[in-house]
Amino acid sequence: MTANLILLITIGALTACGVYLLLERIVSKMLLGMILLGNAVNLLILTMGGPDGKPPILGSSDTAHDGMADPLAQAMVLTAIVITMGLAAFVLALAYRAYMLTTTEDVRNDPEDAQIAAKREQEDPEQ
């Protein structure tokens, strides 16, 4: 089985862009990163699913099952699409609520967490 090189490069680029956007501190960029990463994984699953151009399920009269594509990959991608859209809706709801409370989209460090980390460093300088 040979994979399409252009498709694999596209998967790598989508993954790299998705990870880069996930590391940002702005919620909308994080959301776009999650969507890009989800699409990259979907393409990867479809690429590993088998050869393209052949039907996933053949009729009962056909006896040539050797060239049949795996329908499990397509079912997994459909499930992953639904999960990605549900996650995107949840993050959008969280972003909307955070924007209404703080009027900013930037995720900041919690001052209390910084104080606790500073106390921990003073108590245990070896860690």
Side-chain angles (χ1 to χ4, degrees):
M1 181 177 101
T2 61
N4 188 355
L5 184 62
I6 295 173
L7 190 57
L8 291 176
I9 291 171
T10 304
I11 292 169
L14 283 175
T15 303
C17 291
V19 168
Y20 176 75
L21 287 173
L22 273 175
L23 296 175
E24 291 290 325
R25 308 274 301 179
I26 299 173
V27 178
S28 61
K29 289 184 180 182
M30 290 180 200
L31 176 63
L32 288 175
M34 285 192 311
I35 291 172
L36 282 177
L37 202 58
N39 288 334
V41 169
N42 291 343
L43 283 174
L44 182 65
I45 291 172
L46 278 180
T47 301
M48 294 294 123
D52 56 346
K54 300 199 177 171
I57 299 175
L58 297 175
S60 61
S61 63
D62 295 328
T63 57
H65 297 290
D66 295 335
M68 190 167 62
D70 188 14
L72 181 64
Q74 296 171 6
M76 287 178 64
V77 167
L78 286 175
T79 305
I81 289 171
V82 171
I83 291 170
T84 302
M85 288 301 116
L87 185 63
F90 180 69
V91 171
L92 277 174
L94 286 178
Y96 177 74
R97 180 67 179 160
Y99 183 76
M100 286 295 146
L101 291 175
T102 62
T103 65
T104 184
E105 210 181 353
D106 190 24
V107 179
R108 298 185 182 160
N109 289 335
D110 190 19
E112 292 177 6
D113 287 341
Q115 290 175 355
I116 292 172
K119 282 183 183 178
R120 191 171 291 163
E121 285 179 8
Q122 289 175 357
E123 292 173 1
D124 237 358
E126 293 178 5
Q127 292 180 353

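These figures come from a predicted structure and were not determined experimentally.
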Report whether M30 and L94 are members of the same hydrophobic cluster (ILVMFWY, side-chain heavy atoms less than 4.5 Å apart, transitive linking). no
Closest non-hydrogen atoms of L36 and C17, given as atom of the first, atom of the second and distance, are CD1-CB, 4.0 Å
Could you tell me the separation between the CG atom of D106 and the OG atom of S28, rounded to the nearest 0.5 Å? 10.0 Å
From CG (L37) to OG1 (T15), nearest 0.5 Å: 6.0 Å
Does I83 belong to the same Ile/Leu/Val/Met/Phe/Trp/Tyr cluster as F90, with side-chain heavy atoms less than 4.5 Å apart forming each link? no
Shared hydrophobic cluster, I26 / V19 (ILVMFWY, side-chain heavy atoms < 4.5 Å): no
CG (N42) and CG (L78) are apart, to the nearest 0.5 Å, by 9.0 Å
Exceeds 12 heavy-atom contacts within 6.0 angstrom, atom CE of M34: yes
Can you tell me how far the OG1 atom of T10 sits from the CG atom of L44, to the nearest 0.5 Å? 12.0 Å
When rounded to the nearest 0.5 Å, the distance separating CD1 of I35 from OG1 of T84 is 8.0 Å
Value for CD1 (I81) from CE (M76), rounded to nearest 0.5 Å, stands at 12.5 Å
Heavy atoms of other groups near L23 CG, more than 12 under 6.0 Å: yes
Specify the closest pair of heavy atoms between G33 and L21, including all atoms of both residues, with the distance to one decimal. CA-CB, 3.6 Å
Measure across V91 and V27 and return the closest heavy-atom pair with its distance rounded to 0.1 Å. CG1-CG1, 4.2 Å
Walk me through it: do L101 and R97 pass the test side-chain contact (heavy atoms from CB on, under 4.5 Å)? CA-CA 6 Å; L101 291 175; R97 180 67 179 160; 4.0 Å; yes
State yes or no: do L31 and L87 share one hydrophobic cluster built from I, L, V, M, F, W and Y residues joined by side-chain heavy-atom distances below 4.5 Å, directly or via other members? yes
